[in-house]
Amino acid sequence: MKKSILFMALLPMALASCLSDDGNYDYTELEAVEISGLADNMRCVLLEKQDLDPVVNTSIPQDRLQYVWRIAADTLCTTKKLDYTFKEVPVSNDPLTFEVIDTKTRVRYSKFINLSVVSPFTSGYAVLTDAGKLAFQSFESGERLYQDAYQEVNNESLTGTPKYVKFMRYQDGATGQWLTRLSLTMQGGKSIEVDGLNLQYAKTYSDEFQSETTPQIAFVSSQYFNNDKACNIITTDGQVYMKVVGSMGLPDDGYYEFPLSGSAEGGYRLAPMMTRITSNDADYVSLDEKNHRFVMWTGNRLVSQVAPLLDTDIPGTLLWIGNPVYASTTYAIVKNGTKYMLYVISYGYSYTTYSYEATLDAAVELPTGTVNDNCCFAANIVMSGYDVVTNYLFIGDGPKLKAINLANLDNINDAVIDVATFDGDITDMHFDRDVNVLPTAEFSIAVSRPNGSSIMQIDQSIVNHGAILKRYDGIQGRIVSFCRKY
C-alpha cells in the first residue's frame, strides 16, 4: 500500500520531466500606440463623403506601419485617412474599425467606432425631370437636394422618356418585412424600380415578362400593395398585365405571364392610366377607349377579366383618373372632341344585392377654358367623422391653380374657382398622407420654370388662395412627375 502511494507521488514529477520546455522565446515588450482624434460614435449619411484623419502617436517607424479601415471583414480603405462614401446601409452591425498594424510583429492596434449609416432618401420628394434624371429633395438632416440621385448611386443614366415616378410599398411574404420602392416609368427605355432606402437599382419591369415579346410599359399601378395584392401594368397597346406576388418570397418573385382578357368581344384598349377604386380591396378602374366604357378588374387573381364598370357610353380619351386618399369615389376627366367631361363614380357595397356596385353620380361638361390637354389634377376629400367637410378637384392650368367645388356640380359655372397664380407652370400635383402625421393631408405642386423648378406644399384651403407652407427650389429641368416618399 505504501509503495503504491509513493509511486503516485512520483508520477507527476516524472511527467513534468518528460514535458520540459526547451523552447527559446523572445519576450519583446509591445510598442505603445495611441490613436486619437476619433469619436466613439459616428453618424454617416449615404452619398456624403466621409473624411476622417486620426492622430497616431507611436515610436514605431513609419515604414513599418500599415492602416486599415473596415467593417467586420469588409475593408473600406487601406490609408491612414478615411476617404470613403457609403452608397448603401451596411448589412453588418459591427463597428467601424480603424487598425494600425506593425508589419514586423503583426500586432494590430484598433479603435472601434459605433457606426450609424442613415439614408437621405427615407423621406422627401422623388422628382423626374424632362432631362431624364431622378432628382431627390431630402427631408432628412440638411434637406439636401440631389440633382441626379440615380446617377450618383448607380453610376449610370436612366434611358427613355420620363413619364411617372411613384412611391410603392411591398410586403415580403416570407419575413413580413415592408419594403419601399420607387417605380420609374420610362417610355422608349427601361422602366425600373429602385430600392426606396438607397435608390439602388432593383429590377427592370421588362425582365419579368415570360412572353416572347416584351411590351412597352405605359403605366404602373401607383398604390402600395401587400402580399395578397398584385402589381398592375398597362402597356402601350392598352393591355393590362398583372403579377400576383403571392404569400411567400420577395415582391420580385413571379412574372407577368399574359395580359388579362376582356369580357367584350374584340378585346379592349385601356388608356395609359388607372386607379385603385377602394382602399381596402384590389379593384382597379380605367377607361377602355376602344369600347367606350369605364372598366374594372380585380387585382389579386390572374383569372380576373377587364369588365365594364358601368353601362354608360363614355366616348373620348382619358386625360386623368384618380381617387382621393382612402376614398372610394373615382373622378375622371375625359376629352371628347372639343368637350371636356368630368365623371364622378361612387363604388361601394350594396346590402340590397350583397355585392359591390358602381354608380355614375355625375357626368358634367366643363365650361370652356376650365381644362386643356396639358392640365394636371388632384382630388381630395376632407372628412370630419363620417361627414364630408370639403370636396374639391384641383386643376393645374399653366401658372394657374383652379378648383372645382364637387358639391356644386349642378351649377357648374359657379363651381369653378380661381385659387392662385404661381411664377411658373404647374406640371404635377398630389395629395398625400404622411403616415407619421395622420390624418393631415399634404397638398404639393410642382412649379416648373426655364431657370429652375420648385416643389411647394400648399395650403389646401380655398380661402387661403394657395398659400405656400413650404417650398423647395433649385431643381434643374422641367418637372415631369414627382411623388412624396415617406
>> Which residues pass the salt bridge (charged side-chain N to carboxylate O under 4.0 Å, His left out) test with Asp148, not counting sequence neighbours?
In response: none
> Has the side chain of Gln476 got a donor or acceptor atom that lies under 3.5 Å from a matching backbone atom of Ser453?
Replying inline: no
> Any ion pair linking Asp94 and Arg70 (charged N to carboxylate O, less than 4.0 Å)?
Replying inline: no
>> Does Lys485 have more than 12 heavy atoms from other residues, nucleotides or ligands lying within 6.0 Å of its NZ?
In response: yes
> Considering residues at least two apart in sequence or located in another chain, which fulfil the salt bridge (charged side-chain N to carboxylate O under 4.0 Å, His left out) criterion with Asp459?
Replying inline: none
> Does the side chain to side chain donor-acceptor pair (under 3.5 Å) test come out yes or no for Tyr150 and Glu156, once each step is laid out?
Replying inline: CA-CA 7 Å; Tyr150 183 82; Glu156 65 178 18; 2.6 Å; yes
>> Does the plane of the ring in Phe139 sit parallel, tilted or perpendicular to the ring in Tyr472? Use 30° and 60° as the thresholds.
In response: parallel
> Do the side chain of Asp130 and the main chain of Arg478 share a donor and acceptor less than 3.5 angstrom apart?
Replying inline: yes
>> Could you work out, with side-chain hydrogen bond (donor to acceptor under 3.5 Å, both in side chains) as the rule, every residue matching Gln187, not counting sequence neighbours?
In response: none
> Residues in salt bridge (charged side-chain N to carboxylate O under 4.0 Å, His left out) with Asp53, at least two apart?
Replying inline: Lys80
> Per the side chain to side chain donor-acceptor pair (under 3.5 Å) rule, which among Thr58, Thr103, Asp102 passes with Arg64?
Replying inline: Asp102
>> Assess the residue pair Thr427 and Asp425 against the criterion (side chain to side chain donor-acceptor pair (under 3.5 Å)); give the C-alpha distance rounded to whole Å, side-chain angles, the decisive distance to 0.1 Å, and a yes or no.
In response: CA-CA 6 Å; Thr427 52; Asp425 292 336; over 6 Å; no
> Would the Phe377 and Tyr331 ring centres measure less than 6.0 Å apart?
Replying inline: no
> Excluding sequence neighbours, so at least two apart, what forms ring pair (Phe, Tyr, Trp, His ring centres under 6.0 Å) with Tyr84?
Replying inline: Phe86
> Within the side chain of Glu140, is there an N or O that forms a donor-acceptor pair under 3.5 Å with the backbone of Ser119?
Replying inline: no
> What's the shortest heavy-atom distance between Lys133 and Leu158, and which atoms?
Replying inline: C-CD1, 4.3 Å
> In Å and rounded to the nearest 0.5 Å, what is the CD to CG distance from Glu34 to Asn57?
Replying inline: 5.0 Å
Side-chain donor/acceptor pairs under 3.5 Å, residues 41-48, sequence neighbours excluded:
from	atom 1	to	atom 2	distance (Å)
Asn41	OD1	Asn114	ND2	3.2
Arg43	NH1	Ser141	OG	3.4

>> Going by side-chain contact (heavy atoms from CB on, under 4.5 Å), name the residues that satisfy it together with Cys483, two or more places apart in sequence or in a different chain.
In response: Ala126, Val165, Phe167, Leu182
> Can you list the residues that meet the side-chain contact (heavy atoms from CB on, under 4.5 Å) rule with Asp195, with sequence neighbours excluded?
Replying inline: Leu197, Asn198
>> Please enumerate all residues that pass side-chain hydrogen bond (donor to acceptor under 3.5 Å, both in side chains) together with Asp423, with sequence neighbours excluded.
In response: Arg449
>> List the residues meeting side-chain hydrogen bond (donor to acceptor under 3.5 Å, both in side chains) with Tyr146, not counting sequence neighbours, and say none if there are none.
In response: none
> Excluding sequence neighbours, so at least two apart, what forms salt bridge (charged side-chain N to carboxylate O under 4.0 Å, His left out) with Lys470?
Replying inline: none
>> Evaluate Ser59 against Glu31 for side chain to side chain donor-acceptor pair (under 3.5 Å), listing each step before the verdict.
In response: CA-CA 7 Å; Ser59 59; Glu31 298 282 358; 2.9 Å; yes
>> Applying side chain to side chain donor-acceptor pair (under 3.5 Å) to Ser183 and Tyr205, what does each step give before you reach the verdict?
In response: CA-CA 9 Å; Ser183 173; Tyr205 284 115; 3.0 Å; yes
>> Going by the rule side-chain hydrogen bond (donor to acceptor under 3.5 Å, both in side chains), which residues pair with Lys49 if we only count those two or more places apart in sequence or in a different chain?
In response: Asp83
> Parallel under 30°, tilted from 30 to 60°, perpendicular over 60°: which one fits the rings of Trp297 and Tyr284?
Replying inline: parallel
